[in-house]
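Predicted model, so just to flag it, every value in this text is computed and none were measured.
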Amino acid sequence: MPGFDNARQFPQSIEDLDFSDIEEKYKVPFEEGFDTVIVVDNAPTVDESKKDKLLKFIKKIFKNAGNIKDIDMPMDPDPKTETLTSKGFLFIEFETPEQAAMAIKQYDGYPMDKTHHLAVNRFTDIEKYSQIEEEYKEPEEEKFVEKEHLRSWLTDPQARDQFVLYRGDDVSIFWNKKTEPPEEVHKRINWTETYVQWSPLGTYLATFHRQGIALWGGPSWNKIIRFVHSGVKLIDFSPNEKYLVTWSNEPITLGPNGGAGTPFGPEDEGRQIIIWDVHGGNLLRSFPSSTLSSDGTPNKITWPMFKWSPSDKYFARVTQGQQGQQGQQALSVYETPSMGLVGNKSIKIEGLVDFEWAPASDKEKEKDKHSEEKKQKEELLSYWTPEIGNQPARVTLLNIPSKEIVRTRNLVNVTDSKMHWQSNGDFLCVKVDRHTKTKKSTFSNLEIFRVREKDIPVEVIEVKDVVIAFAWEPKGERFAIITTSDPNYGQPTQGGVTLKTSVSFYYLEKPKPGKGDSVGTANFKLIKTLEKKTSNAIYWSPQGRHVILATLRSATTFDLEFWDLDFETTLDQKEFAKTDPAACLQLMSTQEHYGVTDVEWDPTGRYVITSSSFWRHSIENGYILWDFKGTQLQKHLLDKFKQLLWRPRPKSLLTSEQKKAIKKNLREYSKEFGKKDEEEESTLSEEQIKHRRRLMEEWNAWRKRVEKELSEERENAGIVSPPRRDDDTIEVIEEWIEEVVEETEEIIDD
């Protein structure tokens, strides 16, 4: 046909047409078209009859993230029943990309039930990570760079301890060298802006800056990681250093760029508390600082605001009701790593005041360390509520995560209460301040819960006066209290006034012999009461046995009393102590440190430092190093001294059997350590002699040079120099005399 002679030059079908130039010109980037869409995986699989119910529940979960424009859940026919069934995932479209980002951050890992934990991702991420090249390309092998060991200080051959000292603008790390001046390890000027803080196991040193927190460690003290939180004032680590809580009085603001370049998103704006992952540096969740109390005023900040369970598995805080809703207090318990509420809701407890987690016992820690089973373990906490209307005050023991109440105790005429857990979690002592019916006077009771015994019995110890301090002996079953009947206590004019106090020690008696139900109950008995004291603080050694009774922050008294509760000098005294524990209570030393503000035991319990901080006053700032017997080893007066903290040690890796073997052979080890101490002292003596000789040689050389110059000047001036002795006739004799005044050997139990 005319005009169609070249028809073969045209494509035979639409598939043969090339639209690449048009596609390239009008291409819409994939990320820009679907950045408001998220994919929710691990949703329950349902049929068409339950589809609407599931979608309604999904919308209820995600509504807090933002406005949902559309939600789509694909359905496919089941090959067996031929009914439409969901595929376990769905798509949700929000109005803005910020809302989609909030949904991912807030609900990724959200537990719908025990078997369904939602996995939330961007729709664009799925397309991005699903694009795999057909040909495999072997990645380049990165060069291995060995990192410093963050616990290298534990390998010190002399088993010394470190401490950090903050003075003026200088922060320094030192080795403790007993009677010798401390050995400086590292020093930086302006290392922190406010103060420093060790992590609980001593791995990290935290420094505070305007922009946030920095963690340092390793032999070189390099920066390990930093956390951006403007104006941060307070921090708290979880017990195992997995998580870090930071608080700032400045609410988080995203700025004009919407938080770009920061870890914060729209859901974090206006909040003041952040929980971080220490190892990865990721922001896990943010919280508002406080809620309104029943009268509409902001609650006072208490720190730590969140309290951690010993395993790091749970953390909790008291949350108050909204304005006008009295009695709506609740205990909010969160679990890690999801950071969601246990059971998706708080525990409503009317009038809740405070709570404390029970510590894990050494046996439980050792069992968990060697056990391969990972069962959900219950963790115990205690809380108390005051008297409300006709309801008495109450102390309750609660298991988490089951939320099972295992014990309650009603109390009446309660003014205040404070809970003290023993270090192994065997006992809980609730110090109850009570008032008489006329409310004209107050006194205290100690309610001791025996947590490990059947039905958790409670023993009551009545105290006539008010208990102002209570402390359990670490790793033991003894405790000390300080009481006072001084009329100045609790008065507005009390500040700076030294109170008259008494100190009492208690012990757990051994149960009477018997079998089965006939076994006698072991009660807490008074060891001894020390009258006419001024002590207001109790500081037990971390290893127990030794305790310091201190008078702190007083205007006139600065006493330090060093006590030993297991002092034994003779076998007769040891036998007598079985029936009368007071026989082994011994005052080792009474000392005074003018202006003392703080007391810090080292982790071994061998040394203790008392300090006078510039933050409290400017008189004789500095610190004194003592041994556990109260013997002064060093004293340093330092201008603008602010802070000194011993570096904590992690739990020992030795088993109980290995510790027993060490105690059994302790005398042999002591001889070895004694020889090393003698060698060290001998080395120091030689170094001192060499140093003195070098100084003498430098002096003699200078003297000869000056005498020669003076002689030449006299000759030039025509002055006759007086005769002098030949230096060869002068003989210098130096003797080093060492005298042992007293030597004692004492075995200290761990």
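Taking the six-membered ring for Trp and the full ring otherwise, F208 and Y195 have centroids separated by under 6.0 Å. The aromatic ring centroids of Y314 and Y334 lie 6.0 Å or more from each other. Ring centroid separation for the pair F524 and F479 comes in under the 6.0 Å cut-off.
Between the side chain of W384 and the backbone N or O of T396, no donor-acceptor pair lies under 3.5 Å. Q99 places a side-chain N or O within donor-acceptor distance of the main-chain N or O of N67, the cut-off being under 3.5 Å.
Shortest non-hydrogen contact noted between V432 and S417 is CG2-OG, 4.3 Å. Of all non-hydrogen atoms in V414 and E387, the two that sit nearest each other are N-OE2, 2.9 Å. Contact detail for P392 and V412: the closest heavy-atom pair is CB-CG1, 4.2 Å. Here the closest heavy-atom approach between residue K223 and residue W216 is recorded as N-CE3, 3.3 Å. In plain terms, the two heavy atoms of P200 and P648 that are nearest each other are O-CB, 3.3 Å. Between S230 and E250, the shortest heavy-atom distance links the atoms OG-OE1, 3.5 Å.
Residues S289 and W247 bring a donor and an acceptor atom of their side chains to less than 3.5 Å of each other. A donor atom on one side chain and an acceptor atom on the other are not found under 3.5 Å apart for T442 and H435. Side-chain N/O atoms of E356 and S382 include no donor and acceptor closer than 3.5 Å. A donor-acceptor pair shorter than 3.5 Å cannot be found between the side chains of N240 and S238.
F123 and F91 have perpendicular rings, their planes meeting at more than 60° on a 0 to 90° scale where under 30° would count as parallel.
P401 pairs in a side chain to side chain contact (heavy atoms under 4.5 Å, CB included) with only one of the listed residues (K313, E335, E378, E379), which is E378. Among F227, F237, W308, the single residue meeting the ring pair (Phe, Tyr, Trp, His ring centres under 6.0 Å) criterion with Y243 is W308.
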Carefully, step by step, assess M112 and I61 under the rule side-chain contact (heavy atoms from CB on, under 4.5 Å).
CA-CA 9 Å; M112 284 189 65; I61 294 174; 4.1 Å; yes

Stepwise side-chain contact (heavy atoms from CB on, under 4.5 Å) test for S361 and R452:
CA-CA 11 Å; S361 67; R452 307 296 180 189; 3.6 Å; yes

Test salt bridge (Lys or Arg N to Asp or Glu O under 4.0 Å) applied to E447 and R434, step by step:
CA-CA 12 Å; E447 309 267 343; R434 285 194 164 104; 3.6 Å; yes

side-chain contact (heavy atoms from CB on, under 4.5 Å) between L331 and L352, intermediate numbers included:
CA-CA 8 Å; L331 180 63; L352 175 63; 3.8 Å; yes

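Both the sub-6.0 Å distance and the 45° axial angle are not jointly satisfied by K418 relative to the ring of F470.
Distance check: E269 CD to S286 OG gives 10.5 Å after rounding to the nearest 0.5 Å.
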